[in-house]
Amino acid sequence: MPRINSPAELEELRKDILSNRDPNKPCITLCSGTACHASGSKEVAASIEEEIKKQGLSAEVDFRKTGCHGFCERGPIVVIHPEGICYLQIEPKDVPEIISQTIKEKKVIERLLYTDPTTNKKIVHESEIPFYKNQERLVFGSNGKIDPKSIDDYLALGGYSALAKVLSQMTPEQVLEEVKKSNLRGRGGGGFPAGRKWEECRNAPGEIKYVIVNADEGDPGAYMDRSLLEGNPHSVLEGLIIGAYAIGSHEGYIYVRQEYPLAVENVDIAIKQAEEYGFLGENILGSGFDFTVKVHRGAGAFVSGESSALMTALEGRVGEPRPKYIHTAIKGIWDRPSNLNNVETWATVPLIINKGADWFRGIGTEGSKGTKIFSLVGKVNNTGLVEVPMGMTLREIIFNIGGGIRDGKKFKAVQTGGPSGGVIPEKFIDLPVDFDELSKVGSMMGSGGMVVMDEDTCMVDTARYFLNFLAGESCGKCVPCREGIKQMLNILTDITEGRGEKGDIELLKEVATMVKDFSLCALGTSAPNPVLSTLQYFRDEYVAHIEQKRCPAYVCKALVSYYIDPEKCQACMICLRQCPVGAISGGKNQIHVIDQAKCTKCNTCFEVCPPRFSAVRRLSGEPVPPPVEDRVLVRRKG
Amino acid sequence: MVNLTIDGKAVTAEEGTYILQVAQANNIDIPTLCYHPALEPFGACRLCTVEITSRGRKRLVTSCNYPVEEGLEVSTNSEAVIKGRRMILELLLARCPNVPLIQELAKSYGIEKPRFKLEDDNCILCGLCARICEERMGVSAISFSGRGLERKIDTPFHVHSEICQGCGACAFVCPTGAIKLEDITDKEPRPILSEFNVGLSPRSAIYVPFPQAVPKVPVIDREVCIHFLTGNCRTCENFCQAGAINYDQEDEIIEAEVDAIILASGFDLYDPSALEEYGYGKVKNVITAMQYERMISASGPTEGQLQRPSDGKTPKRLAFIQCVGSRDTHHKLYCSSVCCMHATKEAILANEHYPDLKAFIFYTDMRAVGKRFQEYIARAEQEYNVTYIRSRPSKITENPDNGNPIVWYEETTTRTRTSMEVDMVVLCQALIPSGSTKDISDMLHLSLNDYQFVDIPDRLFHPVDTEIPGIFACGFCQAPQDIPDSVVQASAAAARAAEFLSRKD
């Protein structure tokens, strides 16, 4: 592949690629992101390839393994083009039918389609599924259309046209102005205006400057950046090169966390291809601008996602944050100006260049422009990655897109922003999602994690969970974070295990205040958020744990006992047989009794007791009644 | 220059300095734990946090690494700052409840019993040790390992370091005493011993030899200074507020044309290790008279307490051995002249400090030839519990059970061989002309006599004239003598030199 030396040559190549692609040619796309890999898409892929060959359709049908489609609840996902027929939860055994029925005979297979839960109607096209319909997938949408290992796929969609425009028609200052005007705020968690950071870096003294892609994505449950990097790595590269041009940097780094091998693989391929085609290296597209980029793998620390810690790690040292009284945009890697932005932020840049800052400003709210990708997980029906305009309400996201709470339970709260964020209770369900609105209620946008919780979630345990995570991930350098989180965790563990004491809440708040104000980096200053916000909105749960030794959600095992109601037990022996530790005694016609000393609170008996009996009860904050004297069962008729 | 206010006080500072440095320069106290003037600010303990108002916004920042700004308003003790510091100290005390420094600091903020789960660590993870090893010594033998709750100071792979240079800087800067050199290296550290205290106490590479030194200016011992050995360190430079430390100084050779020379090069101590039978260097509780002098001195390493080397116990029975190396055909033939009297003085001092103490002086002849010297000796016997035994002991051994030296000698009055177990032995070592006496004499072509003292041809009529006109010698370099006699000779030499110079004109 000869190098592309000018925007004109790029357009030639693009026309060439498109002319060789027949939009009407049948194409099977299979989601091949990490989530679908876990659901078995590798086996489905093998099956599809085999079946196409078997049925002699190699010349007539294209097969494309694409990046993440986002509807991770229902993967592996297959979309048949050009019709856009969407099949969900495909297994290898469905493949022969798909090939023969849908590809050959153009017949839709009903059982593989999405069923709308309200209308019970089947939906054929991906774009009409409520999960997708209510989204605005400006950045993420291309994932379904390209094979991340193919740069030609990216070019076919118009890829690198923004870069060509920037290098041939705009000065670096003009690019900078456009990004500033768009009001693009960082998508990694800080929400800092990207244009302002770029400007500070551009104006900082020094010839050598660096641009960095932060793909450390450490929030538990957040995987937007992974899917973008795996599914559309060129979009990130293009944004990065444009940013480098605006800032005056010729060297870039992509810091990918250790646990994302597929992302590293696809980015490495993308970089190689971009170098081959001439989008990276010297004299890009004949503009005279040079830029190279290297991939650096992390070593398994959440704290390395903090920008100054990341830069310290890039220098080859242990990732520990440094004080940022002098911004890293002025003194970053090796004390040189370094501009760090999140994966999603970079991927948004080509869009802004192509469609203009005014277009971008037309989406979103006053303070938060554009769209944001969220990982919607937890107790919703439709878990996955969703991209919505800023300003959409939590209700719309959770119910219209997420499909509401699963198993008919009730919404309790949504946790946003990962370990740095807070919980948002039902009274704020109509809150528009934007940077400032979320902060106002004591949470934050963070990188976009959205964990939906129902009545079975214990808020005290949630706070303990996040503190436990942070205690393990704190770098340990500063006293407030290391010692403060440790002791807050001790207190919370005591509370969840029934050793809570009067004064614990006040002590938690006191420690939390100091940790928030005195910690060295944002890991520490935001660590108290889960505690403070759960205390703010669910104080009654804390009080119940401490004063009544009761867990209202029946989650904290030390505070929960299992009890078989002798009035309801029908001695069916199901729970007795299923109990993994043999704690249940009884027999046919003999009422079952749980031995509290042996019970491990695994919840099995509660789950397997037939619903028509519902004899197993969970008790919390009250003593377990002693076993009845007479255990002979009097069977009820009917 | 930048103008700012700290606690309402207007101060100025150079651009690029940090708030803490400015505060310290203006005697405003801000507590710190991980700060060190010779190291890059670390910002780990957060104790130095202050509240600043900058561009209209109030913020809490660490003063050790926040650069000064024009118009900055700093409060070092606002309510938020005090509350936060108190909580930090409470948490630290929970981690290290038995470390005196943390106990004191916490107490000063009203914390005595933390409300948290107690641990029992003695390291506060301030990093001073690792940072000085890396930044100043350039070695990095120890550093932080582990993350978060597992964080600790360690050597690579938890084994003894091969690159540790045994300088002890880490243990020196550790505020809690948590660093033990033997955990880092299996090499035996070689302590730098104070020459003035005859090896009884250590000194640093940059030191003032003794409090009364003239000039009282520190000197750097290039043989042991890390900077001169490795090119690193230079920590002392960061402390000298006068900027007086200059590592490039060289000895200055001054050439002067003179008309007369007075040689007063004094004496050195003869090393009694040469007398193996007395066990110096092997039997722990055998010391030299000079060491004894430093010990009994109120400004010495033990502040005047007699603490015997093996266990620090106060001796109750003290033996002095005279003529160690003097009047000895194997060592020095001459009598050193001052030892009989100084041993008596030392025995008297010992009894004055410790009335229960008995001293035994093993002598050959008591040379008490000065004015009222003999009466002094009689008083020692009568009033100060000093016993004089006429004998030159043959050997000193050690009682392995308690470290007591045993003196083996012949009772010359009864001609019986016997031994005496004491608690400590003082060897009155011979005094010899100083090493420089020979060197200078060679340069001046002065002869030395058979005993290596500067030769005085006519002791009777020209007691301070050497064989060369215009060159005079006084004091010990020409004959063993005590202080009064040396002073007399010094005056004599000065007078002779003046006479010589006046005659030249």
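Proteins get letters first, then strands, A, B, ... in listed order; numbering begins at 1 in each.
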Visitor: Counting only non-hydrogen atoms closer than 4.5 Å, does E320(A) touch chain B with its backbone (N, CA, C, O), its side chain (CB onward), both, or neither?
Guide: side chain

Visitor: Quick check on side-chain contact (heavy atoms from CB on, under 4.5 Å): which of L508(A), V515(A), T513(A) does V511(A) satisfy it with?
Guide: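 Passing option: V515(A).
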
Visitor: Is the closest side-chain donor-acceptor distance between Y247(B) and R234(B) under 3.5 Å?
Guide: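 Side-chain D/A pair, Y247(B) to R234(B): absent.
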
Visitor: Please work out whether the ring planes of F469(A) and F302(A) are parallel, tilted or perpendicular, with thresholds of 30° and 60°.
Guide: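 F469(A) and F302(A): perpendicular rings.
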
Visitor: Is it true that S307(A) and K324(A) share a donor-acceptor pair across their side chains at a distance under 3.5 Å?
Guide: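 Yes, S307(A) and K324(A) have a side-chain donor paired with an acceptor closer than 3.5 Å.
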
Visitor: Parallel, tilted or perpendicular for F192(A) and H327(A), by the 30°/60° rule?
Guide: perpendicular

Visitor: Answer with yes or no whether the side chains of N98(B) and D120(B) bring together a donor and an acceptor at under 3.5 Å.
Guide: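 Looking only at side-chain atoms, N98(B) and D120(B) do form a donor-acceptor pair, the distance falling under 3.5 Å.
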
Visitor: Which region of V81(B), side chain (C-beta onward) or backbone (N, CA, C, O), has a non-hydrogen atom less than 4.5 Å from a non-hydrogen atom of chain A, or is it both or neither?
Guide: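 Only the backbone of V81(B) comes within 4.5 Å of chain A.
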
Visitor: How about S75(B) and E73(B): does a side-chain donor come under 3.5 Å of a side-chain acceptor?
Guide: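 Note: S75(B) and E73(B) side chains miss the donor-acceptor criterion.
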
Visitor: Considering only heavy atoms and a distance below 4.5 Å, find which of N65(B), L60(B), T49(B) pairs most often with chain A.
Guide: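 Looking at each of N65(B), L60(B), T49(B) in turn, N65(B) comes out on top.
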
Visitor: With only heavy atoms counted, which part of T62(B) is less than 4.5 Å from chain A, the side chain, the backbone, both or neither?
Guide: both

Visitor: Does any heavy atom of chain A fall under 4.5 Å from the side chain of A80(B), the backbone, both, or neither of them?
Guide: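 Contact with chain A involves the backbone of A80(B) alone.
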
Visitor: Quick check on the structure: residues of residues 146-160 of chain B within a heavy-atom distance below 4.5 Å of chain A, by number.
Guide: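 R147(B), G148(B), L149(B), R151(B), listed by number.
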
Visitor: What residues of residues 4-36 of chain B sit under 4.5 Å from chain A when you count only heavy atoms?
Guide: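 Not one residue of residues 4-36 of chain B has a heavy atom under 4.5 Å from chain A.
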
Visitor: Side chain from CB out, backbone as N, CA, C, O: work out which of these in R86(B) comes under 4.5 Å of a heavy atom of chain A, or both, or neither.
Guide: neither

Visitor: For L520(A), which atoms come within 4.5 Å of any heavy atom of chain B: side chain, backbone, both, or neither?
Guide: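 L520(A) touches chain B through backbone and side-chain heavy atoms alike.
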
